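Working notes, beginning with the structure itself.
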Amino acid sequence: MNTRDGLAPAVRSILDAADGRAGRSEPVSVRPRSLPDAIAAAEADGRVPIIAELKPTSPTTEGERTDDPVELAEAMVEGGAAALSVLTEPTHFGGSPETLRRVRTAVGVPVLRKDFLLREEHLDVVEADVVLLIARFLDDLGTMLEAARSRGFQALVEVHTEAELEAALSAGADIVGVNNRDLAKLEVDLGTFDRVAGTIPAGKRESVTLIAESGVSTREDVSRMRNAGADALLVGSAIMDGDVRANTARLTGGSRK
Ligand SMILES: O=C(O)c1ccccc1NCC(=O)[C@H](O)[C@H](O)COP(=O)(O)O
């Protein structure tokens with residue numbers, strides 16, 4: 001499953017940087033805020049469950065957002081975000097573990113640590129409610145999933161193909177994100193979610209929280225992903241570009257009551 005063949009140069013560079021990054025030797029122990037509960041609460045409140053992503057910059061974004069991340073995070077929550085995603089990758093995304101720590105202290109919603117975690121020691125850098133595990137880049141997804149859970153984390157297992165989805169479900173993933181962004185080419189196609197999500201076996205569907213990731217920018221995109229079965233949507237660029245509170249409220253359909 002782990003293959004770096006054919007990756008865009010920016011993604012190779014991200015992985016090389018992650019390979020060289022040290023983790024911590026002392027395992028963290030987390031008491032997580034439940035992501036499925038936060039998604040259900042947004043639904044009950046009439047908001048589209050959106051995981052709003054604090055992404056100061058990226059290989060596909062021009063410029064860098066330098067406003068106070070805590071203020072941005074609070075604006076996302078006011079705009080109705082069910083949960084937040086915070087980049088902790090410093091070199092290509094302008095994130096940091098310290099930003100996540102500050103944001104998680106300031107807000108009451110679950111916070112996903114968005115990074116390229118390749119080894120168990122990478123899990124121990126900072127506490128979060130959810131960690132991202134990218135199926136494509138993990139030789140032994142099951143072991144990493146178990147390592148995350150043993151520390152108390154919930155794990156969002158990211159897939160892009162039907163084969164990766166199958167591997168994620170076999171490994172026991174119960175929160176699965178289908179990334180519409182192809183990390184080989186960095187191209188975004190919302191049809192990815194339609195196609196990949198449709199292959200979840202009927203017997204598994206109820207026990208999996210399904211998240212559509214990347215490329216969502218309009219209410220029409222939201223409807224499309226929801227109609228294709230997304231329990232929640234992970235949105236970065238369309239929220240970070242401009243008025244974060246208004247952008248979040250536009251996609252959630254309502255501010256937090
Ligand atoms: O966002 C990028 O440019 C990017 C480049 C290389 C690897 C990963 C990248 N993004 C990771 C993500 O999954 C997105 O940040 C996230 O799904 C939000 O996507 P979007 O709403 O399209 O900003």
Side-chain angles (χ1 to χ4, degrees), residues 28-56 65-89 93-115 117 123-133 148-158 174-177 208-213 216 222 226 230-240 242-257:
V28 293
S29 176
V30 180
R31 288 183 56 204
R33 301 167 191 158
S34 165
L35 180 61
D37 286 358
I39 290 171
E43 289 276 14
D45 198 24
R47 285 175 282 125
V48 175
I50 297 282
I51 304 171
E53 182 159 283
L54 199 67
K55 179 165 74 165
R65 191 124 190 195
T66 55
D67 341 19
D68 177 17
V70 170
E71 283 177 21
L72 291 174
E74 287 171 341
M76 289 167 172
V77 174
E78 285 167 18
L84 301 181
S85 165
V86 176
L87 264 298
T88 55
E89 204 279 350
F93 293 87
S96 75
E98 182 54 22
T99 296
L100 186 146
R101 199 174 288 119
R102 289 183 58 217
V103 166
R104 187 162 181 258
T105 302
V107 302
V109 301
V111 179
L112 163 70
R113 179 177 173 204
K114 201 78 186 308
D115 209 328
L117 307 178
L123 294 167
D124 297 318
V125 169
V126 65
E127 291 183 21
D129 302 291
V130 191
V131 287
L132 179 75
L133 302 180
R149 287 180 176 154
S150 71
R151 288 156 170 83
F153 293 114
Q154 300 156 95
L156 165 56
V157 178
E158 179 179 300
D174 57 359
I175 305 175
V176 174
V208 171
T209 299
L210 190 56
I211 297 171
E213 300 178 29
V216 170
V222 169
R226 295 281 278 166
D231 296 310
L233 295 88
L234 174 63
V235 184
S237 314
I239 287 178
M240 289 298 286
D243 181 332
V244 161
R245 187 185 190 286
N247 289 341
T248 309
R250 177 172 55 83
L251 297 177
T252 61
S255 306
R256 197 167 277 269
K257 287 175 190 149

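This chain uses plain numbering: 1 for the first residue, then up along the sequence. Hydrogens, waters and symmetry mates play no part in the numbers below; they use all other heavy atoms, side chains included. Note that the coordinates shown come from a computational prediction; the quantities given were computed from them, not determined experimentally.
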Result block: side-chain N/O donor-acceptor pairs under 3.5 angstrom for residues 77-87, not counting sequence neighbours:
unit_1 : atom_1 : unit_2 : atom_2 : d
Glu78  : OE1    : Arg245 : NE     : 3.2
Ser85  : OG     : Glu53  : OE1    : 2.7

Are any of the side-chain heavy atoms of [X] and [Y] separated by less than 4.5 Å?
{"X": "Val235", "Y": "Leu251", "value": "yes"}
{"X": "Ile175", "Y": "Ile211", "value": "yes"}
{"X": "Val28", "Y": "Leu123", "value": "no"}

(message) Between Gln154 (side chain only) and Pro32 (backbone N and O only), is there a donor and an acceptor less than 3.5 Å apart?
(response)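 No, because the side chain of Gln154 does not come within donor-acceptor range (under 3.5 Å) of the backbone of Pro32.
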(message) Looking at Arg226 and Glu43, is there a salt bridge between them, counting it only when a charged N and a carboxylate O are closer than 4.0 Å?
(response)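 Between Arg226 and Glu43 there is a salt bridge, with a charged N closer than 4.0 Å to a carboxylate O.
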(request) In plain terms, say whether Arg102 and Asp68 are close enough for a salt bridge, that is, a side-chain N and a carboxylate O under 4.0 Å apart. (result)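 The answer is yes: the pair qualifies as a salt bridge.
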(request) Specify the closest pair of heavy atoms between Val126 and Phe153, including all atoms of both residues, with the distance to one decimal. (result)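 Of all heavy-atom pairs spanning Val126 and Phe153, the closest is O-CZ, 3.8 Å.
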(message) I need the minimum non-hydrogen distance between Ala128 and Val30, along with the two atoms involved.
(response)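 Answer, listing the atom of Ala128 first, then Val30: O-CG1, 3.1 Å.
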(request) Might you work through the side-chain contact (heavy atoms from CB on, under 4.5 Å) test for Glu71 and Val244, ending with a clear yes or no? (result) CA-CA 10 Å; Glu71 283 177 21; Val244 161; over 6 Å; no
(message) Under the side-chain contact (heavy atoms from CB on, under 4.5 Å) test against Arg113, which residue among Leu132, Val125, Val130 passes?
(response)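 Exactly one option meets the side-chain contact (heavy atoms from CB on, under 4.5 Å) with Arg113, and it is Val125.
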(request) For a side-chain contact (heavy atoms from CB on, under 4.5 Å) with Lys114, tell me which candidate from Leu234, Leu100, Val131, Thr88 qualifies. (result)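 Single pass found, and it is Leu234.
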(request) Using the side-chain contact (heavy atoms from CB on, under 4.5 Å) rule, take Met76 and Val109 through it: C-alpha gap first, then chi angles, then the decisive distance, then the call. (result) CA-CA 11 Å; Met76 289 167 172; Val109 301; over 6 Å; no
(request) Sequence neighbours left out, what passes side chain to side chain donor-acceptor pair (under 3.5 Å) with Glu89? Give chain and number order. (result)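 Partners of Glu89 under the side chain to side chain donor-acceptor pair (under 3.5 Å) test: Arg21, His92.
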